[in-house]
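One structure is given below, encoded as C-alpha cells.
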Amino acid sequence: MGKLPREFYNKDSLIVAKELLGKVLVHEVNGQKIFAKIVETEAYMGVEDKAAHSYGGRRTPRVEIMYGGPGFSYVYFIYGMYYCFNVVTREEGTPQAVLIRAVEPMGGIEFMAQNRFKKPHHELKKSQIIGLTNGPGKLCGAFLIDKDLNGEDLCGSKLYIEEGQEEEFAIVSCKRVGIPNTGEAKDYLWRFYIKDNKYVSVKDEKNVH
DNA sequence: ACCGCGATGCCCT
DNA sequence: GGGCATCGCGGTA
C-alpha cells in the first residue's frame with residue numbers, strides 16, 4: 001500500500017483531518033509492526049484558532065515543530081501522564097496540525113495489548129479491547145508513541161501513514177473535545193469521525209454530516 | 001449508563 | 001504557580 005506523500009499534508013488541517021479518516025497509521029518498532037485505521041481526528045488551525053498551541057503565533061520550544069514543513073509528527077505530553085500524537089500540516093511558517101484521536105487496530109494487536117495492559121490479548125475484557133486505542137492518550141500507549149517521536153518525518157520508514165482499502169463511510173463533524181476555555185473556538189465543528197465506528201472516543205448525538 | 005474526581009509533571013507566564 | 005487537545009476508578013442508578 002502506498003505511503004502518503006508529503007504533498008498530502010501540505011493543505012489546511014480541516015482538509016487533512018477529513019482525508020486522514022480511513023488511512024492506516026503504522027509504527028515499526030522493536031522488530032514489530034503496529035498498524036491501525038484512523039477513525040477520529042481533530043483539526044487545529046494554528047494562528048487563528050484559540051484552541052491551538054500555536055494560537056496567535058505563539059512560538060515556544062514545544063510547538064516549534066508546527067512551524068516547520070508538512071508531514072512531521074508533533075507529540076506533546078499532557079496531564080503529567082499521557083502523550084498526544086499530531087500530524088503537522090501546511091507549509092513552513094504556517095503552524096497547523098491534526099490530532100489523531102482514535103484508531104481501529106489492524107495488526108500487531110498482541111503487542112498493543114502488552115503495551116497498554118501488560119496482558120495477552122485473549123485475557124482482555126471487552127471494554128479493554130475497545131480501550132486499546134479509543135482515545136489520543138490510549139493510542140499513543142498502544143503504539144509506543146512518546147516524546148522521542150516528536151519531529152519524526154512521516155515520509156520516513158519508522159512512523160508513517162498509508163492509503164487504506166477503498167471503503168465507503170459517512171463522516172460526522174462535531175465539536176472538539178477537552179477545550180472548554182477557548183471562547184468561540186470550542187464550538188467549531190472541527191472534530192471528524194467515521195460514523196458508527198466502535199473505536200471513536202466520544203460519540204456526538206446531535207451531529208452534522 | 002453517567003458523573004465526579006484525582007493523578008502527575010511539563011510548559012509557559 | 002496555574003493550567004492542561006486525558007484517563008481510569010469508584011460511586012450512584
Side-chain angles (χ1 to χ4, degrees), chain A residues 9 12-14 16-18 20-21 25 36 38-67 72-90 94-103 105 112-119 123-152 172-193 198-206:
Chain A
Y9 303 103
D12 266 339
S13 282
L14 281 170
V16 177
K18 281 180 263 194
L20 278 174
L21 296 176
L25 176 66
I38 297 171
V39 301
E40 180 184 353
T41 59
E42 278 178 2
Y44 285 87
M45 290 293 284
V47 174
E48 65 197 68
D49 178 3
K50 272 188 187 164
H53 292 162
S54 53
Y55 172 65
R58 267 175 61 232
R59 188 163 188 164
T60 62
R62 182 177 65 157
V63 302
E64 184 60 28
I65 190 66
M66 289 180 73
Y67 285 83
F72 289 81
S73 71
Y74 168 43
V75 178
Y76 65 87
F77 189 57
I78 190 73
Y79 296 113
M81 254 176 276
Y82 304 104
Y83 292 95
C84 288
F85 168 63
N86 297 249
V87 168
V88 173
T89 62
R90 289 292 301 265
T94 301
Q96 297 188 8
V98 174
L99 172 66
I100 308 301
R101 286 198 52 92
V103 300
M112 293 191 214
Q114 283 298 328
N115 295 339
R116 285 274 294 134
F117 300 110
K118 308 290 180 214
K119 279 185 186 175
E123 288 181 18
L124 299 186
K125 294 178 290 187
K126 209 169 192 175
S127 61
Q128 291 179 309
I129 291 173
I130 296 298
L132 282 171
T133 55
N134 68 340
K138 298 178 193 179
L139 75 88
C140 282
F143 268 69
L144 295 181
I145 292 174
D146 63 16
K147 204 169 172 118
D148 291 344
L149 284 171
N150 186 42
E152 190 74 14
V172 176
S173 307
C174 57
K175 293 181 184 180
R176 293 176 290 180
V177 176
I179 49 166
N181 302 317
T182 58
E184 70 279 4
K186 74 178 191 300
D187 296 320
Y188 298 161
L189 306 180
W190 287 356
R191 182 161 71 101
F192 306 98
Y193 64 83
K198 285 186 303 189
Y199 286 85
V200 170
S201 65
V202 183
K203 315 270 201 230
D204 200 313
E205 286 311 308
K206 19 184 289 196

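Model, not experiment: these values are computed from the prediction. Naming: A, B, ... by sequence-line order, numbering from 1 per chain.
The cationic atom of A/Arg59 (NZ for Lys, CZ for Arg) lies less than 6.0 Å from the six-membered ring centre of A/Tyr67 and within 45° of the ring axis.
Between A/Phe77 and A/Tyr83, the two ring planes are tilted [angle within 30° to 60°].
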Nucleotide by nucleotide, nucleotides 8-13 of chain C touches protein heavy atoms under 4.0 Å in the pattern (B base, S sugar-phosphate only, - none) S-----

Once base and sugar-phosphate atoms are separated, protein heavy atoms under 4.0 Å mark nucleotides 8-13 of chain B, 5' to 3', with B, S and - as BBSSS-

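The shortest non-hydrogen separation linking A/Cys84 to A/Pro136 is SG-CB, 4.0 Å. Looking at every heavy atom in both residues, A/Arg58 comes nearest to A/His53 through NH1-O, 3.1 Å.
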Output field dot_bracket for DNA chain C (Watson-Crick or G-U, both distances under 3.5 Å, | for other-strand pairs) contains ||||.|||||||.

Stepwise ring pair (Phe, Tyr, Trp, His ring centres under 6.0 Å) check, A/Tyr74 with A/Phe72 = CA-CA 7 Å; A/Tyr74 168 43; A/Phe72 289 81; over 10 Å; no

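A search for side chain to side chain contact (heavy atoms under 4.5 Å, CB included) contacts involving A/Val47 returns A/Pro95, not counting sequence neighbours. Remark: A/Ile179 pairs with A/Tyr44, A/Ala51, A/Arg176, A/Thr182, A/Lys186 by the side chain to side chain contact (heavy atoms under 4.5 Å, CB included) rule, at least two apart or across chains.
Separating the CG atom in A/Asn115 from the CG atom in A/Leu144 is a distance of 4.0 Å, to the nearest 0.5 Å. If you take CG on A/Asp12 and CZ on A/Arg90, they are separated by 4.5 Å, rounding to the nearest 0.5 Å.
Residues A/Asn86 and A/Val98 are not in side-chain contact: their nearest non-hydrogen atoms beyond the backbone lie 4.5 Å or more apart. Between A/Val202 and A/Arg191, the closest side-chain pair of non-hydrogen atoms falls below 4.5 Å. Using a 4.5 Å heavy-atom cutoff, the side chains of A/Tyr199 and A/Ile130 are in contact.
Residues from residues 45-55 of chain A placing a heavy atom under 4.0 Å of any atom in DNA chain C, listed by number, are A/Ala51, A/His53.
Across all strands, A/Ile179 comes closer than 4.0 Å only to sugar-phosphate atoms, never to a base (heavy-atom distances).
A/Lys175 and A/Asp204 are not joined by a salt bridge, as no carboxylate oxygen comes within less than 4.0 angstrom of a charged side-chain nitrogen.
Phosphate proximity of C/dA5 to A/Asn86: absent, as no side-chain N or O sits under 4.0 Å from OP1 or OP2.
A straight line from OH of A/Tyr44 to C1' of C/dC4 spans 12 Å, rounded to a whole angstrom.
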